[in-house]
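The structure appears below as structure tokens.
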Number of protein chains: 2
Amino acid sequence: MSPADDPDAVFSALADATRRQVVQALARSGPATATELAGDFTVSRQAVVKHLQALSQAGLVVGDREGREMRYRLTPAPMAGAMDWMAEVGAGWDDRLAALSQFLSDRDL
Amino acid sequence: MSPADDPDAVFSALADATRRQVVQALARSGPATATELAGDFTVSRQAVVKHLQALSQAGLVVGDREGREMRYRLTPAPMAGAMDWMAEVGAGWDDRLAALSQFLSDRDL
DNA sequence: TGACATCGCAACCCCATGGTTGCACATGGC
DNA sequence: GCCATGTGCAACCATGGGGTTGCGATGTCA
């Protein structure tokens with residue numbers, strides 16, 4: 001069903017620049033722990049942890065416990081809901097979005 | 001060029017539920033003034049004005065002056081940038097997003 | 001011209017949230 | 001068993017932003 005489920009969590013999660021960088025880091029380098037990620041950023045480990053929790057709440061990330069450490073893995077599936085929302089809203093105005101919306105419904109994505 | 005330009009403004013603009021409702025209202029009913037829109041919401045006119053300004057700053061809306069009133073029109077094109085970002089990040093993990101990303105690059109959207 | 005409506009600006013309040021620091025707890029290696 | 005390392009929790013701070021109210025300016029119309 002393409003009609004948008006609630007995209008609030010996803011949009012809110014991706015509204016923060018640092019959080020998007022975390023997502024990109026996980027996309028590039030694969031699963032990582034908060035401390036590992038914190039090494040690539042200027043902010044503290046705790047800040048990264050908070051971001052990971054926010055992303056986790058949005059379903060964009062999941063944490064697997066490995067002994068003493070917690071390894072976070074990207075699960076970007078919920079993004080599709082947000083894309084549905086945008087494609088539907090914009091379909092009537094913008095050709096690109098209309099094509100996208102058409103594609104989404106054709107493929108039943 | 002599909003590589004993401006800065007999607008920060010779009011994500012931030014759409015992170016707020018009221019703001020998404022404003023966008024949906026404009027999509028359904030066409031261009032409208034802030035006072036007209038405010039009639040459909042519980043919040044004040046000024047709050048709606050602020051949201052329209054935020055959307056305008058993100059390029060998702062543009063205001064046309066008509067005599068005494070300011071009529072706002074939806075311009076959802078910038079959403080495509082945000083969709084690029086999501087499709088690229090998620091392409092490696094999620095089949096739906098991969099198909100989307102493929103579609104985007106095939107069509108040079 | 002005068003009355004009414006609409007907009008735009010500014011001040012203000014309050015809460016969510018990004019960020020920090022500090023510390024307690026668990027786990028693994030020696 | 002002990003220590004190092006990493007995690008998780010809590011308190012705290014500061015800023016931003018959503019929301020409101022008030023008011024002056026600007027148009028519109030009778």
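Chain letters run A, B, ... following the sequence lines, proteins first, then strands; residues in each count from 1.
Under a 3.5 Å cut-off, the side chain of A/Arg19 and the backbone N or O of A/His51 do not form any donor-acceptor pair. Remark: side-chain polar atoms of B/Arg45 are not paired, donor with acceptor, to backbone N or O of B/Ala38 under 3.5 angstrom.
Counting all heavy atoms, side chain and backbone alike, B/Met83 lies closest to A/Ala87 at CE-CB, 4.4 Å. Taking both residues in full, the closest heavy atoms of A/Gly90 and B/Pro76 are given as CA-CG, 3.7 Å, listed atom of the first, atom of the second, then distance.
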Seminar exercise, completed: A correct 5'-to-3' footprint of nucleotides 1-15 of chain D, with B, S and - meaning base, sugar-phosphate only and no protein heavy atom under 4.0 Å, is ---BBSBBB------
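Between B/Leu14 and A/Met86, some side-chain heavy-atom pair lies under the 4.5 Å cut-off. Using a 4.5 Å cut-off on side-chain heavy atoms (C-beta onward), A/Arg20 and B/Asp8 make contact. Using a 4.5 Å heavy-atom cutoff, the side chains of A/Val23 and B/Trp85 are in contact.
We find the OG1-CD distance between B/Thr33 and B/Glu36 to be 3.5 Å, quoted to the nearest 0.5 Å. Atom-to-atom distance recorded for A/Ser29:OG and A/Leu26:CG is 8.0 Å, nearest 0.5 angstrom. In this structure, OG1 on A/Thr42 lies 11.0 Å from CG on A/Asp40, to the nearest 0.5 angstrom.
With sequence neighbours left out, the side chain to side chain contact (heavy atoms under 4.5 Å, CB included) criterion links A/Val43 to A/Phe41, A/Ala47, A/Val48.
Hydrophobic clustering (side-chain heavy atoms under 4.5 Å, transitive across Ile, Leu, Val, Met, Phe, Trp, Tyr) groups A/Met70 together with A/Leu52.
For A/Ser12 and A/Glu66, each mapped to the nucleotide of DNA chain C holding its nearest heavy atom, the one lying further toward the 5' end belongs to A/Ser12.
The distance from atom CG of B/Leu37 to atom P of D/dG19 is 14 Å, rounded to the nearest whole Å.
Helix bend of the helix from C/dT1-D/dA30 to C/dC30-D/dG1: the angle between its two end axes, each built from five pairs, comes to 30° after rounding to 10°.
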Please list every donor-acceptor pair under 3.5 Å in which a side-chain atom of residues 54-68 of chain A meets a protein atom from a residue at least two apart or in another chain.
{"from": "A/Asp64", "atom 1": "OD1", "to": "A/Arg73", "atom 2": "NH2", "distance (Å)": "3.0"}
{"from": "A/Asp64", "atom 1": "OD2", "to": "A/Arg73", "atom 2": "NE", "distance (Å)": "3.0"}
{"from": "A/Asp64", "atom 1": "OD2", "to": "A/Arg73", "atom 2": "NH2", "distance (Å)": "3.2"}
{"from": "A/Arg65", "atom 1": "NE", "to": "A/Gly67", "atom 2": "O", "distance (Å)": "3.2"}
{"from": "A/Glu66", "atom 1": "OE1", "to": "A/Arg71", "atom 2": "NH1", "distance (Å)": "3.3"}

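Annotation: proximity of residues 13-20 of chain B to DNA chain D (heavy atom, distance under 4.0 Å) is found for B/Asp16, B/Thr18, B/Arg19, numbered in ascending order.
OP1 and OP2 of D/dG17 both lie 4.0 Å or more from every side-chain N or O belonging to B/His51.
Once you apply a 4.0 Å limit to the heavy atoms of chain A, the touched nucleotides of DNA chain C run 5' to 3' over C/dG18 to C/dG28.
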